[in-house]
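What follows is a single structure, written as structure tokens, with notes after it.
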Amino acid sequence: MFSKILIANRGEIACRIIKTAKKMGVLTVAVYSDADKDALHVHMADEAVYIGPSPSRESYLLGDKVIAAAKQTGAQAIHPGYGFLSENAGFCRNCAAENITFIGPPVAAIEAMGSKSAAKNIMEKADVPLVPGYHGDDQSRDIIKKAADDMGYPVLLKATAGGGGKGMRQVWSEAEFDEGLAAAKREAMSSFGDDTMLVEKYLTQPRHVEIQVFCDNHENAVYLFERDCSVQRRHQKVIEEAPAFSMSEELRAQMGESAIKSAQAIGYQGAGTVEFLLDIDGSFYFMEMNTRLQVEHPVTEMISGQDLVEWQLRVAAGELLPKTQEQLVLNGHAFEARIYAEDANNDFLPATGKLSLLKTPIESEHVRIDTGVRQGDDVSVYYDPMIAKLIVWDENREKALQRLAKALSEYRINGVTTNIDFLYNLATSAPFKAADIDTGFIEKNHDLIFHNDEKPLVNELPIAALFLVLSKESKAKQQAQQSNDPHSPWYNANAWRLNEANLHTLVLAHNDTEHTVTVEQKRQGNDAYYSININGEKFDCQGEILTTPHNDDTIVATVNGHRSQTTFNHFENNISLYRTNGVFNFTHILPDCGQHNEDDNHGGLIAPMNGTMVSVLVKSGEQVSKDQPLLIMEAMKMEHTIKAPSNGTIDEIFFQVGDMVDGGAELLAFTEQESSSEESE
Ligand code: ADP
């Protein structure tokens with residue numbers, strides 16, 4: 001075994017690898033950029049070497065600097081993690097030239113999987129099922145079109161050099177073919193400098209099911225079951241689970257054996273993932289092989305009880321696979337949710353900022369958190385905005401899903417917009433619970449899972465009002481206890497008025513609608529209860545707030561005789577209630593405090609992140625209407641449209657196409673049109 005390894009990565013994956021290395025008694029070397037000089041992975045490693053400025057192309061992507069750091073520290077092997085240099089054949093080759101072990105597959109295997117069409121050729125020869133289609137060298141329009149016509153529409157055109165969903169176009173009919181081909185080629189040329197295309201049958205309701213494989217250098221190969229990663233946005237995974245639901249033992253074995261065949265066809269060694277599309281009729285087709293550890297590997301670890309990073313180190317050091325196929329046992333069910341700094345309601349716009357509050361659920365045999373950040377850290381513009389991976393396990397899917405929802409409701413992050421509420425809504429939605437899932441899940445269930453959905457309020461409004469009154473009372477009690485005069489009526493928060501009912505009037509906003517709620521404190525014998533009035537409808541409520549140091553702060557509320565427990569998050573004037581059918585967010589509108597409209601948070605005319613201006617769609621002096629696209633910026637390889645926050649006039653535009661823009665910079669001067677006061681109802 002190696003005595004020291006270098007980890008050519010950052011964030012959660014670097015921390016994850018360091019944990020296993022420590023457990024195995026292997027020393028670790030981290031590398032870091034300017035932005036990461038105080039990062040968690042740097043603190044966790046035994047040594048750390050500075051490799052350059054914050055942008056990854058000036059630090060983490062510079063293979064030579066990484067290799068120099070390994071030589072300087074005497075590391076015998078390099079673990080590339082995922083992303084960055086992990087599938088870079090040149091880097092792998094340079095490691096070998098310097099006598100450093102690359103903890104991953106041989107160069108030839110990385111190269112073989114580098115082109116989608118070359119990979120398909122290899123798999124075809126190895127008898128691995130492929131989606132019907134054409135992936136030949138003759139790239140003439142007529143040949144590709146004939147293949148599409150012959151197999152029937154819809155078809156999918158894909159750039160053979162593609163990745164990340166780029167250079168892909170669905171074509172629904174013969175009439176759309178030429179336009180689709182031209183668009184896919186354009187995108188492929190600009191993204192990869194190569195517009196070679198393949199065409200495939202487009203499956204309309206497939207699932208993404210992938211098999212974890214492992215091979216050693218002694219001709220042994222096993223599969224560690226499968227993961228279902230069908231829940232995707234923009235072809236990126238959001239929640240993964242293992243095993244895949246409704247998977248027969250027979251299908252599992254067939255797919256597992258096909259995956260092993262795929263790996264062996266390219267002389268694979270180490271950890272790899274073979275991605276398949278699984279069609280509704282149970283047929284499955286090879287899509288691609290990822291020649292590295294996957295982001296979602298923890299769900300496989302949870303159901304197999306194996307540490308895949310340990311396996312990687314052992315195999316790279318020349319050992320045999322730790323288990324045979326027969327010794328591997330599938331146990332229970334696991335989910336992984338990727339917690340991102342992003343605004344799900346604003347087209348998943350990446351968010352940046354300081355994690356001013358970061359409290360996680362308690363880790364246990366059921367809950368695991370893989371993260372690379374701590375409270376107070378910045379989510380910067382330079383790297384992937386993933387904050388953590390939340391992984392849960394239980395003996396079956398239903399129980400594991402309950403754990404996932406509970407753990408999501410216990411995550412507390414302030415300072416940066418996150419996708420936690422989106423994930424919670426997704427995990428608690430009826431179709432997800434029923435495993436009615438294919439790769440179109442998010443689009444199909446849009447209204448159920450986005451925060452600003454139209455779920456009807458049932459008891460949530462009285463519970464939110466009750467919460468505010470109860471928390472005010474408990475704060476007053478606390479202050480009284482800490483004061484010199486605990487019995488002073490000034491610390492009484494029961495809204496007592498001489499000769500009047502004890503009445504609170506609250507304004508709570510939900511989905512842009514303001515509700516005026518009155519809460520009257522009453523007594524029946526020794527019991528205090530609250531009569532809550534919302535638009536003439538009365539709710540008799542009792543309740544209690546249970547707070548614990550473990551984030552699972554709960555309000556136990558009885559509303560008109562129906563008692564329920566709800567995890568809540570209360571930050572500043574915002575209250576989130578995590579109910580069994582999704583999250584309900586309320587804002588307590590305080591009188592005369594100049595509350596901001598929710599839209600103000602969405603960046604409007606301020607650059608939401610560092611990026612490049614790619615399109616200016618308006619001119620100075622132009623009148624625009626609310627939500628009209630004004631500017632398009634590109635950041636983190638994605639385009640983001642800046643829209644008008646209201647009707648108004650553009651006074652001045654501060655950037656031109658091609659300009660680099662700093663996050664937070666004012667993009668244009670805008671005068672809002674005076675509106676008639678329609679909101680004062
Ligand atoms: P990339 O390498 O750009 O990520 P992939 O070939 O891995 O592209 O495909 C990404 C996603 O696109 C898949 O997970 C699946 O959701 C969808 N997809 C790919 N091929 C097909 C197909 N033939 N039919 C339907 N969906 C597909």
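Counting convention: from 1, in listed order, for ligands and their atoms alike.
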Taking [atom] as the reference point, the nearest protein heavy atom with its distance:
{"atom": "atom 20 (N) of ligand 1", "value": "K158 NZ, 3.1 Å"}
{"atom": "atom 12 (O) of ligand 1", "value": "H235 ND1, 3.2 Å"}
{"atom": "atom 3 (O) of ligand 1", "value": "G165 N, 2.6 Å"}
{"atom": "atom 9 (O) of ligand 1", "value": "M287 SD, 3.8 Å"}
{"atom": "atom 16 (O) of ligand 1", "value": "Q232 OE1, 3.1 Å"}

[Y] ring centre to [X] NZ or CZ under 6.0 Å, with the angle to the axis within 45°?
{"X": "R233", "Y": "Y340", "value": "yes"}
{"X": "R207", "Y": "F245", "value": "yes"}
{"X": "R234", "Y": "F348", "value": "no"}

TODO: For ligand 1, find out whether one of its N or O atoms is nearer than 3.5 Å to an N or O atom of L203.
DONE: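 By distance alone, the answer is yes.
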
Open item on the list: Polar contacts were defined as any N/O atom of the residue lying under 3.5 Å from an N/O atom of the ligand; does this apply to K116 and ligand 1?
Closed with: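 Indeed, backbone or side chain, K116 has an N or O that close.
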
Open item on the list: As a test of understanding, state which of K116, K120, K158 forms a salt bridge (Lys or Arg N to Asp or Glu O under 4.0 Å) with E288.
Closed with: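 The residue from K116, K120, K158 that satisfies salt bridge (Lys or Arg N to Asp or Glu O under 4.0 Å) with E288 turns out to be K116.
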
TODO: Answer yes or no for K201: is there a heavy-atom contact with ligand 1 below 4.0 Å?
DONE: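 Yes; K201 lies near enough to ligand 1 that a heavy-atom distance drops under 4.0 Å.
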
- [ ] Check each heavy atom of L277 against ligand 1 and say whether those closer than 4.0 Å belong to the side chain, the backbone, both or neither.
- [x]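 For L277, the contact with ligand 1 is made by the side chain alone.
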
Open item on the list: One residue to check: M168. Relative to ligand 1, which of side chain, backbone, both or neither has a non-hydrogen atom less than 4.0 Å away?
Closed with: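 Answer for M168: side chain.
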
List ligand 1 atoms under 4.0 Å from [X], heavy atoms only on the residue side.
{"X": "T439", "result": "16 (O)"}
{"X": "E288", "result": "2 (O), 7 (O)"}
{"X": "Y202", "result": "24 (N), 25 (C), 26 (N)"}

Task: Point-to-point distance, once rounded to the nearest 0.5 Å, from CG of L293 to CD1 of I13 - done: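 With rounding to 0.5 Å, CG (L293) is 5.0 Å from CD1 (I13).
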
- [ ] Kindly identify the option in D438, T204, L156 whose heavy atom sits closest to atom 18 (N) of ligand 1.
- [x]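 The option holding the nearest heavy atom is L156.
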
Open item on the list: Give me each pair satisfying ring-ring contact (aromatic ring centres under 6.0 Å, His included) with a member in residues 186-214, each pair once, sequence neighbours excluded.
Closed with: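 ring-ring contact (aromatic ring centres under 6.0 Å, His included) check on residues 186-214 returns W172-Y202, F214-W311.
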
TODO: Look at the aromatic rings of F335 and F432 and report parallel, tilted or perpendicular, splitting at 30° and 60°.
DONE: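 Ring orientation, 0 to 90° scale: tilted.
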
TODO: Evaluate the criterion salt bridge (Lys or Arg N to Asp or Glu O under 4.0 Å) for residue pair K145 and D149; output intermediate values, then yes/no.
DONE: CA-CA 6 Å; K145 175 151 185 305; D149 291 347; 3.0 Å; yes

Task: N/O donor-acceptor pair under 3.5 Å between D216 side chain and L321 backbone - done: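 Yes; judged by distance alone, with no hydrogens or angles, the pair exists.
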
